[in-house]
Amino acid sequence: MTLAVFFGCTFIAFGPALGLFLFTVLRDPLRIIILIAGAFFWLVSLLLSSLVWFIAVKASDPGDEPLQKGLLIFGVLFSVLLQEAFRFLYYKLLRKAIEGLVALSEDGCSPISIQQMAYVAGLGFGLMSGAFSMINLLADALGPGTVGIHGDSQLYFLTSAFMTMVMIFLHTFWGILFFHGCETQHWWEMAAVILTHLIVSGSTFWNPLYVGSLVPSYLLMFATGAWAYVLSGGCTQNLLQSLRGQQSETSPQPGS
Amino acid sequence: MLCELTRLGLRRPDSISRSALACGWPGAGHLFVLVTEPSGCGLLFILNFVSFSSGFCWANSVERKIYIPLNKTAPCVRLLNATHQIGCQSSMSGDTGVIHVVEKEQDLKWVLTDGPHPPYMVLLEGELFTRELMLQLKGSSRISGLAVAISKPSPAQGFSPGLKCPNDGFGVYSNNYGPQYAHCNWTVWNPLGNGLAYEDFNFPIFLLEDANETQVIKQCYQDHNLPQNGSVPEYPLCAMQLFAHMHAVTNTVTCMRRSSLQTAFSLNPEEVCDALSDYNVWSTLKPINTSSKIDPMDEVIIVATRIDSHSFFWNVAPGAESAVASFVTHLAAAEALHKVPDVQKLPRNIMFTFFQGETFDYIGSSRMVYDMQMDKFPIRLDNIHSFLELSQVALRNSSVLWVHTDPVSRRNESIQPQVKTLVEALINSSMGANVTLQEVSQSQPLPPSSFQRFLRAKQIPGVVLADHRTSFQNRYYQSMYDTAENILMKYPEGLSPEETLDYVTDTAKSLAEVATVVARALYQLAGGTGNTSAIQADPRMVSRMLYGFLIKTNNSWFQSIIKQDLKGLLGDELPQHYIAVTTLVNTTQLVQYVLANLTGTVVNFTKEECLNPEKTPNPEKEMYVYTWVQGSRDPNSTSRVPFCVQSTVHLTKAASPAFELKQWGSTEYSTWTESRWKDIRARIFLVASKELEIITLVVGIAILILSLLATYFINAKAHVLFSSPGDGGAVAY
């Protein structure tokens, strides 16, 4: 659909992530490393789940439509569980890393806290997930045609871009929630992450009824976003204070 | 990694497919869609090491949602000669346009003036593909391309995109030789010729060969592009994109100069055009030693036909009446002559010649004459006793076959009696056969024929046999409609392919009669004294050849007479007879094998002896050519019984002397070249309105700016936002 759509969809899908990356991750090399490693962990989880699905598809009868649909649902389910498992593995890795960083530091304090790591790790997961969802479409968006000749909706590119944006945000918030749950042994937080991930991925099966997938995803995004904000030490008072531009009561901490 | 697309068996070394092939999986779930690149044959980002996925490449699922590729199409390509370029050209990245179906003349108005969404891609019915319409389209800037739907049945009024005066300026008639006959001043040979194939178009033109694909396009048009009650059709609209970018420009001189610069100075030469060239097939009745010249006193009678044709579109050249019927008759006559017992003792030799490239200013015959003049051919011009050419012979009106001669050379006192002898031999041979031979008016010039090139070099007595007295009977000369139906080949319904191969059509019988007459006349001319009534061409063999060269080359007879390792030679689609730029097109090879089979003898050699005849000493071996053919299939088993065929069939290069002499601007020899290209394909899809695209872009930019601002704000106020009151030390951010 030409360059306008290409850039439009890129900015919609990756604009917020770009902003987050530029302002919060780019300055600190440690955060960049954690971001890339997080992206890699997500990639490996996708690889393994794709392998399982691929083997299942090859072993089954390609003509059997309900079976293929069932295999797809199973694949999505398995992939979600595997992604969360890899998030847990990454958490374990980062915990070990913090011990190493503490040992290396001069003042016995890690230069980066586990909460910051959680945010960056989630962002890494989200970026790689977004890339895999969107790059393929963007390559085809450059051509002169738009989706629709077989009867699909014309809004395919736009809704995919919005879905990608919401997935990136969701992965970020899930990272924060999940790591917090692991830290404080609040198992319900981890269960909530898995459950919401399943709901969001499952809602994509409502497509092309885009209302059925986008609306629940955005609602869940706001909900998890609010929860993550609270867990990160925020509250409505702080929000109002910042909007009014007042100073906070506690002294500002360096390095953020 | 090179991905080559073979188009009708033609491999071009630089035809890299740029369609985004990737290995992916069907179905929804963007979780599993792989990343692809738009060029090359796709790269597997993740599962590169999964070897069992490598066999599974088709267009990725998003691309399949957007585009419908059109597979059964034929493009119009650019050909160049010394002074002009002809054909079509598209932009480098294809031409896109909104589809408009033109089924009657009035529909054209929408395209040229009324339509609100130019440029348009016109889908034209075959009946409307005329010169007037094309010139209207040519002048308009609102056309981005054209797709012609082949019309079934063929247009009743006839259609010929060739010139009214074919091969003008390269025959024998010029201002120095018979000026009143030059440039078709006396007879217009192809009055239906509209010269479309020799026009230059700056937009791509494709032929839609499959009626199902045409229906898909029309359905898309009806669903999206039809104006409803006079109102403007709304987006999204159905559009088509045609890719046919040609590399060569202007003329042969320019493109050959550029190509030679590339080959001389570049490490990775990018040539832009290739000369049209192939091979002539020739064979002699009595074997001759091809490594030396024949005795100057020996006399040879040359029988000639052309084996190629052309149409407006690339590699679409069924050429039934213009080429196939003639060379099939020639082959049948050669077979009939070889069966005569005392043929090896005839005083004169007969050379059966099949010229390739005659459609393009006599490439094959001009090369042979040049080789004869330069002493590079075993036979010299002085050895030629007479010349007999078979022009278009299939559409005889009330079984009359016309004998054309050259009026200028007949004024010569030594040539005139020889021509008379020739004509009399022909008329004598037609007694008792269902063929009436009549001479045309003696002041009429020769039709376009290979004989004209020989006359240019030396005055030789000769005739051209044709089914037309003045202008062509063929109403589809050099067009895509010159098919088996044009020569009235009709098969009854419900026959299997094997039965169709052996069924003898009326056309075959009529051509066999002509072959019989020709064979008998040749016997007499060669000095034969026996009774000629035993010389008969076999109608069954003629019918098999017509089936093989016009309907399906992949039949059991052709399979039994070719070499073992030539798998790509026989195909299931309709055979086409275009000279092309690759060497040895299918037609040339098949004519070679059929001629070897019909005129050669089976010898009892082993495979090694047959493939390496120089190993066993035998003076006779130098005169023959040995071919190891795979033989027919045993009805009980699946294996074939191969054998060795001894024949006198040779191939000589049919490339215009202009390229040997590097005279690319020559007006003496043919200078036709074909442009090179990278990518030829067509596809249809929907296009969205400009407004929707701009809205998407604006929304994207807005979200980008908003998110950058918000992030900056959140980052700046992070110490406020993320500090919980009373939480002194352990602040997260």
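All heavy atoms count here, side chains included; hydrogens, waters and symmetry mates do not. Here the structure is a predicted model, which means the values were calculated and not measured. Lettering follows sequence order; numbering is per chain, from 1.
At least one side-chain heavy atom of B:Leu721 sits under 4.5 Å from a side-chain heavy atom of A:Tyr229. With contacts defined as side-chain heavy-atom distances shorter than 4.5 Å, the pair A:Pro16/B:Ile703 qualifies. A:Thr146 places none of its side-chain heavy atoms less than 4.5 Å from the side chain of B:Ile66. Side-chain contact between A:Phe11 and B:Val698 is absent, with no heavy atoms from C-beta onward closer than 4.5 Å. Inter-residue side-chain proximity for B:Ser707 and A:Phe14 is flagged as unmet; no heavy-atom pair is nearer than 4.5 Å. At a threshold of 4.5 Å between non-hydrogen side-chain atoms, the residues B:Lys65 and A:Ile149 do not count as touching. Residues B:Asn60 and A:Asn136 are in side-chain contact: their nearest non-hydrogen atoms beyond the backbone lie under 4.5 Å apart.
In this structure, the portions of A:Leu20 lying under 4.5 Å from any heavy atom of chain B include both its backbone and its side chain. For a residue to count as touching a neighbouring chain, one of its non-hydrogen atoms must lie under 4.5 Å from one of that chain's; by this rule B:Ile684 touches chain A with backbone and side chain alike. At a 4.5 Å heavy-atom cutoff, A:Met134 makes no contact with chain B through either its backbone or its side chain. If you measure heavy-atom distances from A:Phe21 to chain B, you find no contacts under 4.5 Å at all.
Between chain B and the options A:Asp152, A:Thr10, A:Leu18, the largest number of non-hydrogen pairs under 4.5 Å is found for A:Asp152. Per-residue heavy-atom pair counts under 4.5 Å with chain A were compared for B:Ile714, B:Ile695, B:Leu697, and the maximum is reached by B:Leu697.
Residues A:Pro144 and B:Val687 come closest through the heavy atom pair O-CG1, 3.5 Å.
The closest donor-acceptor contact from the side chain of B:Asn715 to the backbone of A:Phe23 lies under 3.5 Å.
Within a 6.0 Å radius of CZ in B:Phe713, more than 12 heavy atoms belonging to other residues, nucleotides or ligands are found. Enclosure of atom OH in A:Tyr210 by more than 12 non-hydrogen atoms of other residues, nucleotides or ligands within 6.0 angstrom is indicated.
With sequence neighbours left out, the side-chain hydrogen bond (donor to acceptor under 3.5 Å, both in side chains) criterion links B:Gln222 to no other residue. In this structure, B:Glu234 has no salt bridge (Lys or Arg N to Asp or Glu O under 4.0 Å) partners at least two apart in sequence or on a different chain.
Here A:Phe157 contributes atom CZ and B:Glu693 contributes atom CD; the two are 10.5 Å apart, rounded to the nearest 0.5 Å. In this structure, B:Leu692 CG and A:Gln154 CD are separated by 5.5 Å, a value rounded to the nearest 0.5 Å. For the atom pair A:Leu22 CG and B:Leu708 CG, the distance stands at 6.5 Å (nearest 0.5 Å).
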